[in-house]
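Report on the following structure.
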Amino acid sequence: MKPSKRRNAPETGRLIGYARVSTDTQGVDPQLDELRAAGCTIIHEEHASGADRGRPVLMRLLKEIRPGETLVVVRLDRLARSVSHLLAVIEQLETAGAHFRSLRDPIDTTTAQGMFSLQVLGAVAQLERALIAERTRAGLLAARSRGRIGGNPGLRARDPEAIRKIRKSRDAAYLNTVLAQVDAWLPTVRRMRPDQPWGDVVRVLNRGQATLAHHASGRIWTVERLRRTVHRLVAEGLADRTLLGRAPPQRSDDRLVRLVAGIKTAAPGHTLQQIATQLEAMRERTPRGGTRWHPSSVRHLLIRAERLGLLLT
């Protein structure tokens, strides 16, 4: 886990509890009692395996938590079964400006001691990954020297259950990756869809990620990939279904106004000249059909976009 930036005194906010049990036969009452005693004003309950990273209640909680609020659990194993998953969740909370506390463990990201314990966990996780990789390489070399074939026997035998488990694991990993980066691109999608076609949204996202370091996520979007990802978020209840609607036919001028508004929303710090340069790189024609964009043309389009309420204030 990357070291956290030095912060001032933590913001005060609500304590939000998360209680989890693996089966419906188990009760969450003991956890609820401890969380209420700790001062949690809101408590989310979930019945799911700790090994399942695609827990809908937890994902929705991480999406909706606000800066200054603290996610509280009774024990670390109620949140995650592995150090890597725990660190990924805490990093997502840190990105949102929120905090984390475990009542029975020395982890509280609002305190210096808690942050130290978190850094120790991160170092242990990194060492664990390195040792596992080293043992795996040694095992593969030894197996090959004896003529053994590596890989999953169930996959080699085309076992349906093994294939289902692999697909589920990959699907959960993909969703975790999407959620970790969602704040970098979903606001642009929400601002442009369904008024703009998917192709324009993709071009804005890809150009924005190429030119803004804080939006760089290593993901190059295609129309199909973006639509599939938004479909998944809608299915999980993390995005509005209206984003999937069909884009209406547009006049050229209206399309340019919305396109420039999308660029400005995705990169609020861009100057008029930078937006003009981006439009040229996207091979967009000016309102008069030219290929050379000037800051004054961009300004006129932004003024129209503001009048139409297309720009974030």
Hey, are the side chains of [X] and [Y] touching, using non-hydrogen atoms and a 4.5 Å cut-off?
X: I263; Y: L279; answer: yes
X: E224; Y: W198; answer: no
X: L233; Y: V230; answer: no
X: E46; Y: P56; answer: yes
X: T70; Y: T109; answer: no
X: S297; Y: H300; answer: no
X: R225; Y: V202; answer: no
X: L272; Y: L302; answer: yes

Inset, instruction - For V89 and F100, run side chain to side chain contact (heavy atoms under 4.5 Å, CB included): C-alpha distance rounded to whole Å, both residues' side-chain angles, the deciding distance at 0.1 Å, then the answer. - result: CA-CA 9 Å; V89 170; F100 173 72; 5.9 Å; no
Inset, instruction - Test D105 against V73 for side chain to side chain contact (heavy atoms under 4.5 Å, CB included), laying out the working first. - result: CA-CA 10 Å; D105 304 284; V73 297; over 6 Å; no
Which distance, rounded to the nearest 0.5 Å, do you find between the [atom1] of [X] and the [atom2] of [Y]?
X: T222; Y: L205; atom1: OG1; atom2: CG; result: 11.5 Å
X: L62; Y: H44; atom1: CG; atom2: NE2; result: 10.0 Å
X: L71; Y: Q92; atom1: CG; atom2: CD; result: 10.5 Å

What closest approach, in Å, do [X] and [Y] show between heavy atoms, and which atom pair accounts for it?
X: G245; Y: P194; result: O-CB, 3.7 Å
X: G262; Y: T188; result: O-CG2, 4.3 Å
X: G17; Y: L61; result: O-CD1, 4.3 Å
X: G269; Y: Q274; result: O-OE1, 3.9 Å
X: V74; Y: S102; result: O-OG, 3.7 Å
X: A19; Y: V28; result: CB-CB, 4.4 Å

Inset, instruction - Find out if a path of hydrophobic residues (ILVMFWY) with successive side-chain heavy-atom gaps under 4.5 Å connects I303 to L256. - result: no
Inset, instruction - Can you establish whether the number of heavy atoms outside R75 located under 6.0 Å from its atom CZ is more than 12? - result: yes
Legend entry - Chi angles and distances behind the side chain to side chain contact (heavy atoms under 4.5 Å, CB included) call for V57, R20: CA-CA 10 Å; V57 174; R20 182 191 63 79; over 6 Å; no
Legend entry - Partners meeting side chain to side chain donor-acceptor pair (under 3.5 Å) with T242 (sequence neighbours left out): D240
Inset, instruction - State which residues pass side chain to side chain donor-acceptor pair (under 3.5 Å) with E34; sequence neighbours excluded, sorted by chain then number. - result: R104
Legend entry - W293 (side chain) donor-acceptor with E284 (main chain) under 3.5 angstrom: yes
Inset, instruction - Take H231 and L244, measure what side chain to side chain contact (heavy atoms under 4.5 Å, CB included) needs, and give me the verdict at the end. - result: CA-CA 7 Å; H231 264 283; L244 303 175; 3.5 Å; yes
Legend entry - Sequence neighbours excluded - salt bridge (charged side-chain N to carboxylate O under 4.0 Å, His left out) pairs with any residue from residues 56-65: K63-D183
